[in-house]
> 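Have a look at this one.
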Amino acid sequence: MKMRWLSDLFGVNMPSTYLFATTDIGIEDLAAKEVSSLLNIRGTSVEITTGRVYFRAKESDIITLNYWSRTLNKIYILLAREGIESLSDIYRIAKSIDYTAYIAKNQRFAVRAERHGFHNFTSIDIARVVGQAIIDSYLDSQGHRLKVDLEEPDVEIYCMLRNQELIIGVNTSGFSLHKRNYRVYNHPAALKTTLAAAMIMLSNWDSKSGFIDPMCGGGTIVIEAALIARNIAPGIYRKQFAFTKLPMFTYVDMDDLKSKFMSLANTSYYPIEGIDISPYHLEGAIMNAMSAGVDDTIVFKVGDARKLRDYIDFEPRVIVTNPPYGIRMHHRNLQKLYHDFIFSVKEIPDVTIVVITAASREMRQIVSKADLELVHARKVLHGKLNSEILVFNT
Ligand SMILES: C[S@@+](CC[C@H](N)C(=O)[O-])C[C@H]1O[C@@H](n2cnc3c(N)ncnc32)[C@H](O)[C@@H]1O
């Protein structure tokens with residue numbers, strides 16, 4: 001994907017800055033890989049910590065990442081990353097930052113703070129102290145007192161204290177990017193779009209061979225697959241990005257940018273199929289695919305994952321799925337469903353299967369019983385549920 005017009009817009013000598021992005025716990029390496037590939041960063045220049053990736057980038061990359069990343073939740077401009085001992089250290093660090101490039105005089109800001117570890121102050125204290133430091137810093141440099149708006153700020157400053165490490169950043173995304181804004185039907189057990197994209201990455205799907213989600217629910221996995229195959233920016237349906245309010249981006253014509261991104265999409269044929277046993281959920285999946293503009297790319301049908309051969313139109317090379325976890329299901333029924341699904345998949349040769357489940361012990365037992373080769377396993381956090389992504393081959 002080449003987006004030379006972004007360099008034209010910002011000039012070749014556009015300033016570079018440190019960014020960091022949040023992602024889901026367990027897929028940080030995939031997020032780092034995605035950032036490297038979107039921004040053409042070589043080697044080990046993306047640092048990984050729990051749920052976060054750090055890297056150096058150009059200012060225009062903020063736009064690229066917000067629109068094009070599929071595994072990131074929020075992207076921030078890094079203002080400070082330092083060790084602290086006390087609240088007064090936090091004030092001192094926050095006060096030493098020049099905020100004029102990020103908050104215009106007529107804009108209102110809010111500080112959102114998060115804290116992990118043992119401290120003798122709360123995250124509310126951090127937000128209060130940093131808020132005061134921002135006002136004082138601006139007053140010193142500009143002679144102007146900034147206003148705070150905790151409900152609808154123009155600019156959101158984020159502070160995170162993890163043990164002794166303080167991070168201060170400017171939120172360029174707004175609400176989490178996993179909210180793509182194409183979901184019009186909310187499946188009760190919907191998968192996070194970022195995890196769906198991570199699973200597709202792990203499948204090494206080439207976009208040309210057959211791709212199936214045989215328990216597709218509201219269609220998240222097949223819709224993400226169609227967006228990847230057609231080179232559609234996942235952020236294209238969002239109405240809001242926080243970066244649009246940052247002074248450095250106010251002159252960017254967002255409508256023009258959006259139509260340029262849209263022009264990169266292709267309309268080729270891709271063999272993608274979504275199957276679910278519930279006609280109701282399938283109806284929802286079709287509505288979601290229509291809303292994402294990829295209903296013509298996916299074949300949806302009511303079917304049974306336990307008898308896959310009876311429903312598929314082509315030999316899939318990749319099956320990516322999020323089966324029920326058994327939360328509202330009797331344990332024996334869950335084991336039976338996993339058993340019948342795995343043994344039905346086993347009949348299809350040369351398939352890579354990627355599964356996410358919170359009942360991974362049960363899934364692992366059946367995969368081993370079916371004598372399928374488990375090639376990869378990783379623990380991920382899906383909402384609050386400890387889950388596992390398993391990759392195996394027939
Ligand atoms: C966890 S949900 C999938 C949610 C989906 N990934 C999403 O984001 O909306 C599991 C789905 O499996 C479906 N299902 C259960 N048993 C099935 C079977 N034997 N064949 C096909 N689908 C089945 C359920 O109807 C449910 O929609």
Side-chain angles (χ1 to χ4, degrees), residues 24 70-71 176 178-200 202-203 211-228 234 272-292 294-295 298-313 316 318-348 353-360 362-363 366 380 382-390:
D24 300 318
R70 299 175 198 273
T71 60
S176 177
H178 83 271
K179 293 185 178 159
R180 313 269 205 242
N181 205 29
Y182 62 64
R183 229 178 232 165
V184 286
Y185 168 70
N186 276 309
H187 187 284
L191 183 65
K192 251 186 116 171
T193 52
T194 39
L195 287 176
M199 290 169 74
I200 297 165
L202 286 173
S203 77
F211 182 105
I212 290 183
D213 177 356
M215 291 179 263
C216 74
T220 312
I221 292 172
V222 279
I223 292 170
E224 289 296 315
L227 293 176
I228 291 171
I272 306 174
E273 211 161 279
I275 296 171
D276 201 280
I277 204 157
S278 154
Y280 182 76
H281 291 324
L282 206 74
E283 193 65 36
I286 293 168
M287 281 160 56
N288 286 339
M290 281 170 75
S291 156
V294 290
D295 51 313
I298 308 164
V299 172
F300 284 105
K301 54 168 82 147
V302 174
D304 190 339
R306 295 166 298 183
K307 299 177 195 137
L308 216 44
R309 273 234 178 269
D310 296 352
Y311 297 96
I312 53 181
D313 292 327
V318 171
I319 292 176
V320 181
T321 197
N322 164 214
Y325 291 177
I327 288 157
R328 292 179 211 93
M329 214 176 180
H330 197 285
H331 188 243
R332 218 171 315 127
N333 291 343
L334 181 82
Q335 280 180 316
K336 177 96 175 78
L337 170 65
Y338 282 13
H339 175 279
D340 293 353
F341 163 58
I342 293 300
F343 277 82
S344 116
V345 165
K346 195 184 155 129
E347 290 172 20
I348 312 168
I353 302 114
V354 184
V355 169
I356 184 168
T357 176
S360 64
E362 288 76 358
M363 185 59 86
I366 289 156
V380 293
H382 182 211
K384 291 195 169 88
L385 273 183
N386 287 315
S387 307
E388 200 168 21
I389 297 177
L390 303 173

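For ligands, and for the atoms within them, numbers begin at 1 and follow the listed sequence.
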> Aromatic rings Tyr185 and Tyr280: how do their planes relate, parallel, tilted or perpendicular, breaks at 30° and 60°?
perpendicular
> Would you mind running through ligand 1 and noting each atom that sits below 4.0 Å from a heavy atom of Gly303?
20 (N), 21 (C)
> For Thr220, counting its heavy atoms only, list the atoms of ligand 1 lying under 4.0 Å from any of them.
7 (C), 8 (O), 9 (O)
> With atoms numbered from 1 as shown, which atoms in ligand 1 lie under 4.0 angstrom from a non-hydrogen atom of Ala189?
1 (C), 4 (C)
> Going by an N to O cut-off under 4.0 Å, is there a salt bridge joining Lys301 and Asp276?
no
> Can you tell me which portion of His281 lies within the under-4.0 Å heavy-atom range of ligand 1? Options are side chain, backbone, both, or neither.
side chain
> Hey, which atoms in ligand 1 end up nearer than 4.0 Å to a heavy atom of Ala305?
18 (C), 19 (N), 20 (N), 21 (C)
> Please state whether Asp276 comes within less than 4.0 angstrom of ligand 1, counting heavy atoms only.
yes
> Can you find a pair of side-chain heavy atoms, one from Ile212 and one from Val318, that are under 4.5 Å apart?
no
> State, with a plain yes or no, whether a side-chain heavy atom of Asp304 is found less than 4.5 Å away from one of Asp310.
no
> Using distance alone, determine whether Arg183 and ligand 1 share an N or O pair under 3.5 Å.
no
> Just heavy atoms, cut-off under 4.0 Å: does Cys216 contact ligand 1 by side chain, backbone, both, or neither?
backbone
> Please could you name the atoms of ligand 1 that Pro214 approaches to less than 4.0 Å, counting only its heavy atoms?
21 (C), 22 (N)
> For a side chain to side chain contact (heavy atoms under 4.5 Å, CB included) check, start with the C-alpha distance between Ile319 and Val354, then their side-chain angles and the critical distance, and finish with the verdict.
CA-CA 6 Å; Ile319 292 176; Val354 184; over 6 Å; no
> Check Ala196 against ligand 1 and report side chain, backbone, both or neither, counting heavy atoms closer than 4.0 Å.
neither
> Any side-chain heavy-atom pair from Glu388 and Thr357 closer than 4.5 angstrom?
no
> Which of the numbered atoms in ligand 1 are under 4.0 angstrom from any heavy atom belonging to His187?
2 (S), 4 (C), 9 (O), 26 (C), 27 (O)
> Any heavy-atom pair between the side chains of Pro324 and Leu337 that's under 4.5 Å?
yes
> At a 4.0 Å threshold, what atoms of ligand 1 neighbour a non-hydrogen atom of Asp304?
18 (C), 19 (N), 20 (N)
> With no hydrogens and no angle check, do the side chains of Thr220 and Arg183 hold a donor and an acceptor under 3.5 Å apart?
yes
> Are Lys307 and Ser344 close enough that some pair of their side-chain heavy atoms sits under 4.5 Å apart?
no
> Pull out every atom of ligand 1 sitting under 4.0 Å from any heavy atom of Gly218, numbered as shown with elements.
7 (C), 9 (O)
> One residue to check: Leu337. Relative to ligand 1, which of side chain, backbone, both or neither has a non-hydrogen atom less than 4.0 Å away?
side chain
> Say whether Leu191, considering both its backbone and side-chain N or O atoms, lies within less than 3.5 Å of an N or O atom on ligand 1.
yes
> Just checking Tyr338 against Tyr325, ring centres under 6.0 Å apart?
no
